[in-house]
There are 2 protein chains.
Amino acid sequence: MFEIDPRDRNPIYEQVVERLKELIIHDVLKEDEKLPSVRDLAKQVMINPNTIQKAYRELESQGYIYSLKGRGSFVSPTYTTENKEKREKVMEQLKKLLAEALYLGVTEEELKALITEVGGGE
Amino acid sequence: MFEIDPRDRNPIYEQVVERLKELIIHDVLKEDEKLPSVRDLAKQVMINPNTIQKAYRELESQGYIYSLKGRGSFVSPTYTTENKEKREKVMEQLKKLLAEALYLGVTEEELKALITEVGGGE
DNA sequence: TTAACTGTATTAGTATTTATAGTACACTTA
DNA sequence: TAAGTGTACTATAAATACTAATACAGTTAA
């Protein structure tokens with residue numbers, strides 16, 4: 001599914017969160033698709049199940065997955081009630097990053113091209 | 001100059017870095033302008049000078065300021081050799097954030113409008 | 001030269017975070 | 001029932017983050 005980089009300064013559970021988030025955002029993991037169980041993924045990645053559990057809890061609190069006791073963890077449907085908050089947070093971060101990019105000399109045209117590039121794959 | 005929010009979960013030195021970066025990016029602090037001394041800023045913000053020093057060191061390693069022993073710390077000129085790297089990093093982060101925004105339902109048009117909004121103030 | 005100002009380095013102590021381990025419980029499914 | 005799920009809790013060790021106190025070295029201006 002993915003691998004952990006031991007040289008990465010970021011904590012393992014954060015790496016797991018990031019990798020899974022990427023898979024979800026890029027639609028590799030589809031809506032309501034079942035994720036590996038906590039224990040399975042722990043075996044795959046060769047780390048402690050509690051670390052996976054922590055990552056799953058984080059993803060759930062961020063609204064990307066939902067978990068059902070005894071059944072498993074699944075990818076959340078894209079449009080949920082929490083989406084508005086998430087969108088606003090992302091937009092805030094985007095504002096800061098865009099201002100920084102412009103400060104560094106990136107042009108508005110380059111930025112708009114980037115949007116087309118990222119969004120074009122659908 | 002700015003204030004520290006004690007309720008903010010982020011460490012003080014990071015808050016200092018963020019605030020100063022904002023001032024630099026938004027051109028409140030101009031090229032080669034002198035920043036407050038480590039000790040002065042520490043008094044202003046009511047924290048330990050070492051915490052400011054850490055923030056300054058971080059800003060220096062990120063290329064936003066440069067420090068001269070005995071003289072002070074100053075805002076870096078915008079275009080430096082390290083800019084290419086910085087730009088690439090920011091573009092990478094932007095790609096991820098843009099993909100996330102699109103996933104959350106933000107349209108390409110909204111994103112392009114955001115660019116115009118951020119960049120329009122100059 | 002001296003005094004007061006700069007950044008910097010070092011050391012220390014405390015708090016927090018991270019990762020792991022073990023155990024137990026409750027629910028679902030075959 | 002048995003095996004597989006998520007979840008909760010405690011404990012521990014290690015690493016990292018954070019702040020603080022102090023001392024050192026360079027610059028500047030009186």
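Excluded from the calculations below are hydrogen atoms, water molecules and symmetry mates; all remaining heavy atoms, backbone and side chain alike, are included. Every chain is numbered from 1 and lettered A, B, ... according to where its sequence line falls, protein lines coming before strand lines.
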Reported [atom1]-to-[atom2] distance for the pair [X] and [Y], which is rounded to 0.5 angstrom:
X	Y	atom1	atom2	answer
B:Ile47	B:Ile52	CD1	CD1	3.5 Å
A:Leu23	A:Lys30	CG	NZ	11.0 Å
A:Leu35	A:Leu41	CG	CG	8.5 Å

Before accepting this row, confirm whether a basic side-chain N of the pair [X]/[Y] lies closer than 4.0 Å to the acidic partner's carboxylate O.
X	Y	value
B:Arg57	B:Glu60	no
A:Glu117	B:Lys95	yes
A:Glu92	A:Lys89	no

Summary of protein contacts for nucleotides 14-19 of chain C, nucleotide by nucleotide, where a base hit scores B, a sugar-phosphate-only hit scores S (4.0 Å, heavy atoms) | ----SS
Under 3.5 Å, is there a donor-acceptor pair between the side chain of A:Glu100 and the main chain of B:Ile25?
->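 No; judged by distance alone, with no hydrogens or angles, the pair does not exist.
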Distance under 6.0 Å and angle within 45° of the ring axis: does B:Lys21 meet both against A:Tyr103?
->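 Judged by the rule, B:Lys21 and A:Tyr103 form no cation-pi pair.
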Could you list where the contact with chain B starts and ends along DNA chain D, reading 5' to 3', using a 4.0 Å heavy-atom cut-off?
->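 Boundary nucleotides touching chain B, in 5' to 3' order, are D:dC18 to D:dT28.
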Distances under 3.5 Å between protein N/O atoms and the N/O atoms of nucleotides 7-9 of chain C, please, pair by pair.
from: C:dG7; atom 1: OP2; to: B:Val38; atom 2: N; distance (Å): 2.9
from: C:dG7; atom 1: N7; to: B:Arg39; atom 2: NH1; distance (Å): 3.0
from: C:dG7; atom 1: O6; to: B:Arg39; atom 2: NH2; distance (Å): 2.6
from: C:dA9; atom 1: N6; to: B:Asn50; atom 2: OD1; distance (Å): 3.4

Minimal non-hydrogen separation, A:Val38 against A:Gln53, with atom names =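 Taking every non-hydrogen atom into account, CG1-N, 4.1 Å.
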Heavy atoms only: give me the nearest B:Ala55-B:Tyr13 pair and the separation to one decimal.
->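 Looking at all heavy atoms of both residues, the closest pair is CB-O, 3.6 Å.
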